[in-house]
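Atoms within a ligand are numbered from 1 in the order they appear, just like the ligands themselves.
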Amino acid sequence: MRKISIIGSAGTLGSACAMTISLTNAADELCLIDVNEALLNNHIMDLENAFPGKNIYRGEYEDLIGSSVVIITAGVPNRNDETSRDAYLADNLRIFQTIGEKAASYAPDAIIITASNPVDILNYYLYKKFGFSRNQLIGYNLNDSYRFEWAIRKVLPAEPFSSNFYTPVIGEHGETQVPLFSKVQKNGTPYTFTAKQKDEINKEINTWFVRFNSLNVPRTTGWTTGVGILRVVRAVLDEEETSFIGSSVLDGEYQQHDISIGVPITVNKKGILKVQEWELDSDEQSAFEKSAAKIRTTLLTHMAHS
Ligand SMILES: NC(=O)c1ccc[n+]([C@@H]2O[C@H](COP(=O)([O-])OP(=O)(O)OC[C@H]3O[C@@H](n4cnc5c(N)ncnc54)[C@H](O)[C@@H]3O)[C@@H](O)[C@H]2O)c1
């Protein structure tokens, strides 16, 4: 019995995840939770018509019982004038106090996929405050790797759509993210970039968040995230091991402790089995260390008060 619950499911991300999951056979039961009852009922009336053979319903926190996977996309509304996801931290920490308590009491053994921002901090908060083990907690940051591929395709001349790219991004899900040019593969073969190409690709990545917000529409990236979270959900329901980048609480890997940050992880239905320790180029290593230092500073500033 594969029961998936989504907290924040009336929102852009949560409803997109409900849709992408419903399009597959990933869940036998989909429990949707949100404080915005009217909007959630609107989604449910729509989804149950689209998928009449599926068990999709509005739940309360008690209905988290029996969940194999809990996806958290709850958060305060997006604002267009922010340049950093950290701007939502204080408000979302308050929301996570309740969500963390409820998830820990009703679904203590579930795999928890957190998407709410800032994702590295909130994933670590769940670990530190509510007794989840680190293998249960995955912070969702795959959009960064998807965006790296998008930027590469934008910059490389006439790259056919049939080319298959592997484009991992580690570090913070934020301004200090680290695209791993040294690990990019095209059709399974390492790909080498010129310095100019790297600069152009970095520019696309580094200006993306501000450009997206400057459209002056408060909607976040529901489609990208719905696609990526489905991938993570399938991986954590499977006996087989899969690897991808996720934010994980570290315990000595990459010489880091007491933070959650984007790293390569191996997962299956038991959650995170292993953090893979890749050898990084020296510039990537120092960028990763800077990224970890930024997360640690934010944690020290905010967690002291929570
Ligand atoms: N990790 C990523 O890649 C990624 C990508 C996009 C957005 N995000 C983040 O995901 C979060 C959600 O984004 P969105 O666009 O779906 O926002 P949204 O405003 O559309 O939806 C958030 C939902 O959370 C609900 N909510 C608030 N407090 C709640 C609570 N205590 N319990 C249950 N539900 C609650 C709201 O009613 C709302 O429906 C934001 O923090 C956003 O920054 C992360």
ring-ring contact (aromatic ring centres under 6.0 Å, His included) between Trp208 and Phe212, intermediate numbers included:
CA-CA 6 Å; Trp208 186 89; Phe212 189 68; 4.7 Å; yes

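Checked against a 3.5 angstrom limit, the closest N/O atoms of Ile7 and ligand 1 fall outside it. Note: an N/O pair closer than 3.5 Å links Thr220 and ligand 1 by distance alone. Below 3.5 Å of separation, one finds no N or O of Asn141 facing any N or O of ligand 1. Of the N or O atoms in Tyr140, one or more lie within a sub-3.5 Å distance of an N or O in ligand 1. The shortest N/O to N/O separation between Val76 and ligand 1 does not fall below 3.5 Å. Checked by distance only, ligand 1 and Gly75 come closer than 3.5 Å through their nitrogen or oxygen atoms.
The protein heavy atom nearest to atom 31 (N) of ligand 1 is Ile95 CG2, 3.6 Å. Given atom 21 (O) of ligand 1, the protein heavy atom at minimum distance is Gly11 CA, 3.2 Å. Closest to atom 30 (C) of ligand 1 among all protein heavy atoms lies Val35 CG1, 3.7 Å. Among all non-hydrogen protein atoms, the one lying nearest atom 12 (C) of ligand 1 is Thr73 O, 3.0 Å. With respect to atom 44 (C) of ligand 1, the closest heavy atom belonging to the protein is Ala115 O, 2.9 Å. For atom 19 (O) of ligand 1, the closest non-hydrogen atom of the protein is Pro77 CA, 3.9 Å. Scanning all protein heavy atoms for the shortest distance to atom 10 (O) of ligand 1 gives Leu13 CD2, 3.1 Å.
Against a heavy-atom cut-off of under 4.0 Å, Thr221 is close to the following atoms of ligand 1: 5 (C), 6 (C). Taking every heavy atom of Ser116 and a limit of under 4.0 angstrom, the matching atoms of ligand 1 come to 9 (C), 10 (O), 11 (C), 41 (O). Counting the atoms of ligand 1 from 1 in the order shown, those under 4.0 Å from a heavy atom of Asn36 are 37 (O). Close contacts of ligand 1 with Ala10, meaning ligand atoms under 4.0 Å from a residue heavy atom, involve 39 (O). Near Thr225, with a cut-off below 4.0 Å to any heavy atom, the atoms of ligand 1 are 5 (C), 6 (C). Atoms of ligand 1 found under 4.0 Å from any heavy atom of Gly8, numbered from 1 in the order shown, are 23 (C), 24 (O), 34 (N). Which parts of ligand 1 touch Ala74 is read off a 4.0 Å heavy-atom cut-off, strictly below it: atoms 24 (O), 26 (N), 29 (C), 34 (N), 35 (C).
The option from Thr114, Asn117, Thr12 that lies nearest to atom 8 (N) of ligand 1, judged by heavy atoms, is Asn117.
Salt bridge status for Glu200 with Lys154: absent, with no side-chain N to carboxylate O gap under 4.0 Å. Contact check on Asp199 versus Lys196 returns no salt bridge, with no Lys/Arg side-chain nitrogen under 4.0 Å from an Asp/Glu carboxylate oxygen. By the 4.0 Å N-to-carboxylate-O rule, Asp63 lies too far from Lys102 to be salt-bridged with it.
Residue Phe96 places no heavy atom under 4.0 Å from ligand 1. Assignment of Asn143 to the shell around ligand 1 is supported, since a heavy atom sits closer than 4.0 Å. Note on ligand 1: Asp34 sits in its first shell, one or more heavy atoms being nearer than 4.0 Å. For the pair Tyr88 and ligand 1, no heavy-atom separation below 4.0 Å is found. For Asn92, the heavy-atom gap to ligand 1 drops under 4.0 angstrom. Note on ligand 1: His173 sits in its first shell, one or more heavy atoms being nearer than 4.0 Å.
Counting non-hydrogen atoms of neighbouring residues, nucleotides and ligands closer than 6.0 angstrom, the CE atom of Met45 reaches no more than 12 such neighbours. Counted within 6.0 Å of NZ on Lys269, heavy atoms from surrounding residues, nucleotides or ligands total 12 or fewer; the atom is thus considered open. Within 6.0 Å of CD on Glu239 lie no more than 12 heavy atoms contributed by other residues, nucleotides or ligands.
Looking only at distances, a side-chain donor or acceptor of Glu172 sits under 3.5 Å from a matching main-chain atom of Thr176. Under a 3.5 Å cut-off, the side chain of Thr167 and the backbone N or O of Ser145 do form a donor-acceptor pair.
When the side chains of ILVMFWY residues are joined at heavy-atom separations under 4.5 Å, either directly or via intervening members, Phe244 and Ile152 end up in two distinct hydrophobic clusters. Using a 4.5 Å cut-off between side-chain heavy atoms of Ile, Leu, Val, Met, Phe, Trp and Tyr, with links allowed through other members, Phe148 and Ile265 fall into different hydrophobic clusters.
Looking only at side-chain heavy atoms (C-beta outward), Leu180 and Ile170 come within less than 4.5 Å of each other.
Neither the backbone nor the side chain of Thr98 comes within contact range of ligand 1; no heavy atom lies under 4.0 Å. Residue Tyr61 touches ligand 1 through its side chain alone, judged by heavy-atom distances below 4.0 Å.
For the pair Lys198 and Phe181, the cation sits on the ring face: its NZ or CZ lies under 6.0 Å from the ring centre, inside 45° of the axis. Note that Arg85 lies in the cation-pi zone of Phe209, set by a 6.0 Å cut-off to the ring centre and a 45° limit from the axis.
Separation of the Tyr191 and Tyr166 ring centroids does not fall under the 6.0 Å cut-off.
Results of the side chain to side chain donor-acceptor pair (under 3.5 Å) test with His173 over Asp144, Asn143, Asn123, Asp120 single out Asp144 as the only residue that passes.
The shortest non-hydrogen separation linking Val155 to Glu204 is CG2-CG, 4.3 Å.
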